[in-house]
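Beneath this line is the structure, given in structure tokens, with notes to follow.
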Amino acid sequence: MASPRNNTEAGQAELRAVRRESRPLFWAAALFSMFANLLMLTGPLYMLQVYDRVLSSRSVATLVALSTIVAFLFLVMGILDYARARILARIGANFQARLDRRVFDAVVRRSATQPDELAATGLRDLESIQRLLGSSVLIALFDLPWTPIFLAGISLFHPWLGILAMSGGGLLVIITLLNQLSSKRPQLEASRANVRSELMSEQLRTEAEMLQAMGMREAAFTRWQSARQLSLRSQLRSADLTGTFSSITKTFRLFLQSAMLGLGAFLVLRGELSAGAMIAGSILLGRALAPIELAIGQWPLVQRASTGWKSLARLLSEVPPETARTALPRPRARLDVLQATVIPPGDSTAALRLISFTVEPGQAVGVIGSSGAGKSTLARALTGAWRVAGGKIRLDGAALDQYDPTELGRYIGYLPQRVQLFDGTIAENIARLRPDRDDAKIIAAARLADAHDMIVKLPEGYDTRVTANGGRLSGGQIQRIGLARAMYDDPVILVLDEPNSNLDNEGSKALNAAIRALKERGSSVLVMAHRPAAIQECDILLMLDGGTRVAFGPKEEVLRKMVTNHQQIQQATGPGGVR
Ligand SMILES: Nc1ncnc2c1ncn2[C@@H]1O[C@H](COP(=O)(O)OP(=O)(O)OP(=O)(O)O)[C@@H](O)[C@H]1O
């Protein structure tokens, strides 16, 4: 079995490659950090000079000269600091922009087959990395290498001061490591619990109508509340921990600064140190330890980004990038299904087994069978949404996976059993949200689906805004818009899963007219159906049972066979028959 590390290696490599693209910017940030940190010495050195030189010489001219230099150095330091923050923010933005498309595709592809937590958090994980890259904690991490140098620098004032600074700094580093170790688990739990409660609230929101209608609000609230409380509890635990470490480091740093001052004063009294060095040492210590304090305070950001990175690496490994495919010409409507076996994602048993049949251009095939026979599974496999585990599905001779998925989507029109619209106008929905939508094609598709008259009767016609669950549209209206969407831009193959489940008589007639029109254009149509009205225009019937093909042939022949079987069963089970 592959170890989890191996499972994420491809994704890790992909993420690292994108991060590497920002290497010059990282170097620039490191260089700016070096100068900014060197300029950090301005304050302590100024203090040293003022105390030891200006005050003893009582020279205003020296003070003015020193102050002018210091003002200039502070200005440079400010500019460097500002530039560095901008560079880091851009590294984060670049990282996100470069991966947005890839992660979005991976999330959609994963959600289509396996809508799990990994898919749900993909985009959020990317955002958490971007947040870290543009945050002040990253700036602190750039400053951190300078901490030991500053601490060692304090020894130049007096070895004892150096010893105090380095042992104090060492203690703070130990506290940082303890913080990292102890907050890792609570942080992880908090973010997991948060994702679960958010996913649940999302689902409850989309099913709000049902919750309301079936009096499930109380029960749903109890369920959601327990997820929410779990999330809150783990968030509190992790915030408490970070807060504790933050307070410890802050208090300890302040104490250490005073201790430095105290030790400095003692050394001044013994005549081993100047007053300026005493103050400068204390200030330098504060500066040196500031990045540690900042890193601890913002550690949750680091941890979130680190878990985000890991789960993103897993997602990208499990959904590898699609290889570019040679563009194939627009296919003819010939479909060959050869020994196709389909296993629903996340399942272990096949829902379709060794199915073979051929559809010629201009033919309409009705796919019939009882519930669970595998009709919708076949529809999903024909559209390429689910891959075949064995066998092949060929469109005009080429296997479906030889087509670019976007192109394939254009050639195949699909009306799923449960039509879902997108937030937007009716026109946008019919045009499949394509930015290059063509009004003439939208209207042609709507006319074909007999939806045009219904749409123009709405107050805002094609520009009526609809929501994901249809908004103010009826079930039949949604289905007709779904049908128009499936027929947009002249599909080569049209797959309709229970297209007339919500249609009235008129709608059913229009559907049959549309199927006839498509056949005349040379397209092929597959209709998964329960009701006889839907297969009226079908020349061929494919009958499925328990995921296998039990009959395929001209409609009358298959129906006759069904009737004969039915009569035989009736005779066998009727009075005097075998029971
Ligand atoms: N997403 C899924 N995950 C796991 N198994 C699934 C999934 N979808 C369908 N199945 C299984 O595949 C089998 C065939 O289901 P399918 O939806 O294709 O049947 P159907 O013929 O379309 O039924 P109906 O007429 O009720 O729509 C069923 O046993 C079902 O449990």
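One is the number of the first residue; the rest follow in order along the sequence. Please read these numbers as outputs of a predicted model, since none were measured by experiment.
- Of the candidates Arg20, Arg102, Arg98, Arg102 is the only one forming a salt bridge (Lys or Arg N to Asp or Glu O under 4.0 Å) with Glu14.
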### Message
The test is side chain to side chain contact (heavy atoms under 4.5 Å, CB included); show your working for Asn512 and Ile515 and say whether it passes.
### Response
CA-CA 5 Å; Asn512 286 324; Ile515 296 176; 4.3 Å; yes
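- The backbone N or O of Gly397 lies less than 3.5 Å from no partner atom in the side chain of Arg334, so there is not a single donor-acceptor pair.
- Taking each heavy atom of Pro361 and Ser524 in turn, the nearest pair found is CA-OG, 3.9 Å.
- The OH atom of Tyr414 sits 12.0 Å away from atom CG of Leu526, with the distance rounded to the nearest 0.5 Å.
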### Message
Run the side chain to side chain contact (heavy atoms under 4.5 Å, CB included) test on Lys310 and Thr8 for me, step by step, so that the C-alpha distance in whole Å, both residues' side-chain angles and the decisive distance to 0.1 Å come before the verdict.
### Response
CA-CA 8 Å; Lys310 280 184 205 134; Thr8 65; over 6 Å; no
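- For the salt bridge (charged side-chain N to carboxylate O under 4.0 Å, His left out) test, no residue two or more places apart in sequence or in another chain qualifies with Lys392.
- With values rounded to the nearest 0.5 angstrom, Met528 atom CE is found 9.5 Å from Thr377 atom OG1.
- Under 4.0 Å is where a charged nitrogen must lie from a carboxylate oxygen, and between Arg185 and Glu189 at least one such pair does.
- Ser231 places a side-chain heavy atom less than 4.5 Å from the side chain of Asn194.
- A donor-acceptor pair is defined here as one N or O able to donate and one able to accept, closer than 3.5 Å; no such pair exists between the side chain of Lys375 and the backbone of Val527.
- Using a 4.5 Å cut-off on side-chain heavy atoms (C-beta onward), Leu544 and Ile355 make contact.
- Considering all non-hydrogen atoms of both residues, Asp539 and Gly362 come closest at OD2-O, 4.4 Å.
- Checking side-chain atoms of Tyr403 against main-chain N and O of Leu395 turns up a donor-acceptor pair under 3.5 Å.
- Using a 4.5 Å cut-off on side-chain heavy atoms (C-beta onward), Asp490 and Arg330 make contact.
- Within the model, atoms CG of Leu316 and CG of Leu15 stand 5.5 Å from one another, a figure rounded to the nearest 0.5 Å.
- When atom types are taken as modelled, the side chain of Gln479 and the backbone of Pro499 share a donor-acceptor pair closer than 3.5 angstrom.
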### Message
Go through it in stages, so that I can follow the logic: the residues are Leu335 and Val365, the test is side chain to side chain contact (heavy atoms under 4.5 Å, CB included), and I'd like the CA-CA distance, side-chain angles, deciding distance and then a yes or no.
### Response
CA-CA 11 Å; Leu335 202 60; Val365 177; over 6 Å; no
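- The local environment of CD in Gln203 is sparse, with at most 12 non-hydrogen atoms from other residues, nucleotides or ligands closer than 6.0 Å.
- For the pair Leu99/Ile129, no side-chain contact is recorded, criterion being any heavy-atom separation below 4.5 Å from C-beta on.
- You'll find the side chain of Asn7 stays beyond 4.5 Å of the side chain of Ser317, heavy atoms only.
- Val107 and Gly122 make their closest contact through CG2-CA, 3.9 Å (heavy atoms, listed as atom of the first residue, atom of the second, distance).
- Distance alone, capped at 3.5 Å, is enough to place a donor-acceptor pair between the Arg432 side chain and the Gly409 backbone.
- Side-chain atoms of Lys555 come within 3.5 Å of backbone atoms of Gln536 as a donor-acceptor pair (strictly under, hydrogens ignored).
- Counting only distance, with no hydrogens or angles, the side chain of Arg325 and the backbone of Asp401 share a donor-acceptor pair below 3.5 Å.
- Note: Leu133 CG to Asn94 CG = 10.0 Å, rounded to the nearest 0.5 Å.
- No donor-acceptor distance shorter than 3.5 angstrom exists from the side chain of Thr121 to the backbone of Arg124, with no hydrogens or angles considered.
- Here Glu557 does not pair with Lys561 in a salt bridge; the nearest charged N to carboxylate O distance is not below 4.0 Å.
- Note on Lys457 versus Asp453: no salt bridge recorded, every NZ/NE/NH1/NH2 to OD/OE distance being 4.0 Å or above.
- Residues Arg434 and Asp489 meet the side-chain proximity criterion, which asks for heavy atoms closer than 4.5 Å.
- The shortest side-chain heavy-atom distance between Lys509 and Asp450 does not fall under the 4.5 Å cut-off.
- The line from CZ of Arg437 to OH of Tyr488 is 8.5 Å long, rounded to the nearest 0.5 Å.
- In this structure, Pro405 and Arg109 have side chains that are not in contact, with every pair of non-hydrogen atoms separated by 4.5 Å or more.
- When atom types are taken as modelled, the side chain of Asp116 and the backbone of Ala119 share a donor-acceptor pair closer than 3.5 angstrom.
- How far OG1 of Thr383 is from CG of Leu400: 8.5 Å, rounded to the nearest 0.5 Å.
- At a cut-off of 3.5 Å, with distance as the only test, no side-chain donor of Gln303 or Thr307 sits close to an acceptor on the other residue.
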### Query
Would Leu328 and Asp396 satisfy side chain to side chain contact (heavy atoms under 4.5 Å, CB included), going step by step from the backbone distance to the final call?
CA-CA 10 Å; Leu328 291 170; Asp396 197 13; over 6 Å; no
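- What you find for Gln420 and Arg485 is that their closest heavy atoms are O-NH1, 3.0 Å.
- The number of heavy-atom neighbours closer than 6.0 Å to CZ of Arg228, taken from other residues, nucleotides and ligands shown, is 12 or below.
- Using a 3.5 Å distance cut-off with no hydrogens or angles, the side chains of Ser311 and Asp125 do pair a donor with an acceptor.
- Of all heavy-atom pairs between Pro344 and Thr349, the closest is CD-O, 3.5 Å.
- The minimum heavy-atom distance between Leu494 and Ala486, with the atom names listed, is CD1-O, 3.5 Å.
- Using modelled atom types, no side-chain atom of Ser22 and backbone atom of Leu25 make a donor-acceptor pair closer than 3.5 Å.
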